[in-house]
Each structure stands twice: as C-alpha cells, then as structure tokens.
Visitor: 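The structure under discussion is supplied below as structure tokens; questions concerning it will follow.
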Amino acid sequence: MAEFLIIAVALFFAGMGVYGLAAPARLVAPFALSADSPTSRAEVRAVYGGFGVAVAVLLFFAAFDAYGTRSVASVTVAVALLGMAFGRIVSAVADRPTRFYPVWFYFVVELVLAGLLLSGAALGS
C-alpha cells in the first residue's frame with residue numbers, strides 16, 4: 001500500500017515535470033503568468049519541469065525503499081508541499097484570491113499529496 005501512495009504522488013510530479021518541459025507557457029497560464037521569452041520559459045522548465053521530474057524519480061526510488069530512501073524522501077517532499085500550501089494561505093491573507101481555481105484547487109492538491117506521502121512513509125516503516 002505504501003508503494004501505491006508514493007507512486008501516485010510520483011506520477012503527479014512526473015506529469016507536471018514533463019508538461020513543464022514541453023509546454024512552459026501553457027503550464028503557467030492559469031496563474032495569469034506568461035512565459036513569452038526564452039528566459040521565462042527556461043525558468044519554468046527548470047522549476048516546474050526539471051524539478052518535477054527529479055522529484056518524481058526520487059519518489060519512485062522511495063516507493064520501493066531503494067537505498068533506504070522511503071521515509072526521508074517522502075517526508076521531505078511532503079514538507080515541501082506543505083510549505084507551498086502555507087504560501088497560498090499567506091497569499092490569501094495578503095491578496096485575497098477570489099476564485100477557487102487555480103489557487104485553492106492547488107492548495108487542496110498540495111495537502112492531499114502531502115497526506116499521501118506521509119501515509120506512505122508511515123505505512124512503509
């Protein structure tokens with residue numbers, strides 16, 4: 001069961017990463033951001049694309065506890081996701097987003113993915 005939970009999150013990161021590498025402008029468009037220059041596309045490809053793929057690979061290793069990585073990798077990525085969710089709360093106080101999508105939608109996604117990883121880490125112990 002732990003493997004399944006961690007793989008589910010790894011697939012999300014893999015999808016985000018590949019999408020970020022292939023279509024950086026489309027990835028950030030829901031946030032009213034534009035990636036209309038080589039520099040901005042490179043940034044999106046690095047942060048969403050390359051980082052997403054790297055996290056996916058790490059989580060695939062963690063799913064099968066390769067090199068004893070399950071707990072540490074799962075908790076580390078979960079904490080990063082919770083940090084992202086916290087940033088959305090700060091933004092809600094400072095900026096008051098008015099629509100559910102994309103801000104609150106991804107807030108829920110981040111909480112769910114963090115929960116899956118923490119559950120996977122606990123079940124795999």
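Because only heavy atoms are used, hydrogens play no part in the values below, and waters and symmetry mates are left out as well, while side chains stay in. Start at 1 with the first residue, then count along the sequence.
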Visitor: Would you say Leu111 and Leu82 make side-chain contact, with heavy atoms under 4.5 Å?
Guide: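 Yes, at least one pair of side-chain atoms sits under 4.5 Å.
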Visitor: Considering only heavy atoms from C-beta outward, does the side chain of Phe64 approach that of Ile7 to under 4.5 Å?
Guide: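 Heavy-atom side-chain distance check passes, below 4.5 Å.
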Visitor: In Å, rounded to the nearest 0.5 Å, how long is the span from CG of Leu113 to CE of Met84?
Guide: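 Here the rounded value is 9.0 Å.
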Visitor: Among the clusters formed by ILVMFWY side chains lying less than 4.5 Å apart, do Ile89 and Leu81 turn up in the same one?
Guide: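 Linked within one cluster.
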Visitor: For residues Pro30 and Pro102, report the shortest heavy-atom separation together with the two atoms involved.
Guide: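 Smallest interatomic distance, heavy atoms only, reads O-CG, 3.3 Å.
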Visitor: Which pairs count as side-chain hydrogen bond (donor to acceptor under 3.5 Å, both in side chains) when at least one residue sits in residues 19-39, sequence neighbours excluded?
Guide: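 Sorted pair list: Ser37-Ser40.
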Visitor: Mind listing the closest non-hydrogen atom pair of Met1 and Leu123 along with its distance?
Guide: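 In this case the closest contact between Met1 and Leu123 is CG-CD1, 3.7 Å.
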Visitor: Within the 4.5 Å heavy-atom criterion, are Leu117 and Val75 side-chain neighbours or not?
Guide: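 Leu117 vs Val75: side chains apart.
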Visitor: When hydrophobic residues are tied together by side-chain contacts of less than 4.5 Å, even through go-betweens, does Val53 share a cluster with Phe51?
Guide: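 No; Phe51 is not reachable from Val53 via cluster members.
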Visitor: Are Val18 and Val44 grouped together when hydrophobic residues (ILVMFWY) are joined by side-chain heavy atoms under 4.5 angstrom apart?
Guide: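 Different hydrophobic clusters.
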Visitor: In this structure, would Val57 and Val72 fall into the same cluster of hydrophobic residues linked by side-chain contacts under 4.5 Å?
Guide: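 Val57 and Val72: separate clusters.
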Visitor: If you look at every heavy atom in Val103 and Pro97, which pair is closest and at what distance?
Guide: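 The pair with the smallest heavy-atom distance is CG1-CG, 4.0 Å.
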Visitor: Mind listing the closest non-hydrogen atom pair of Ile6 and Ser74 along with its distance?
Guide: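 Taking Ile6 first and Ser74 second, the nearest heavy atoms are CD1-OG, 3.4 Å.
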Visitor: Among the clusters formed by ILVMFWY side chains lying less than 4.5 Å apart, do Leu59 and Val112 turn up in the same one?
Guide: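 In one cluster: yes.
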Visitor: What do you reckon, is OH of Tyr48 surrounded by more than 12 foreign heavy atoms closer than 6.0 Å?
Guide: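 Counting other residues, nucleotides and ligands, OH of Tyr48 stays at 12 neighbours or fewer.
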Visitor: Under the side-chain hydrogen bond (donor to acceptor under 3.5 Å, both in side chains) rule, what pairs show up with a residue in residues 95-107, not counting sequence neighbours?
Guide: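 Pairs touching residues 95-107 that pass the test: Ser91-Asp95.
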Visitor: Could you give all pairs that pass the side-chain hydrogen bond (donor to acceptor under 3.5 Å, both in side chains) test and reach residues 2-17, with sequence neighbours left out?
Guide: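 Checked against side-chain hydrogen bond (donor to acceptor under 3.5 Å, both in side chains) - neighbours excluded - the pairs reaching residues 2-17 are Glu3-Arg70.
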Visitor: Can you tell me if Tyr67 has over 12 outside heavy atoms packed within less than 6.0 Å of its OH?
Guide: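 No, the 6.0 Å shell around OH holds no more than 12 heavy atoms from other groups.
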Visitor: Closest approach of Ser119 and Leu5, non-hydrogen atoms and distance?
Guide: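 Heavy atoms only, the tightest pair is CB-CD1, 3.8 Å.
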Visitor: Can you tell if the side chain of Leu116 reaches within under 4.5 Å of the side chain of Phe12, non-hydrogen atoms only?
Guide: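 Answer no - side chains too far apart.
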Visitor: Which atoms form the tightest heavy-atom contact between Arg41 and Ala35, and what is the distance?
Guide: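 Here Arg41 and Ala35 meet closest at CG-O, 3.3 Å.
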Visitor: Under the criterion side-chain contact (heavy atoms from CB on, under 4.5 Å), I'd like the reasoning laid out for Phe13 against Val77: C-alpha separation, chi angles, the key distance, then a yes or no.
Guide: CA-CA 11 Å; Phe13 274 99; Val77 175; 4.0 Å; yes
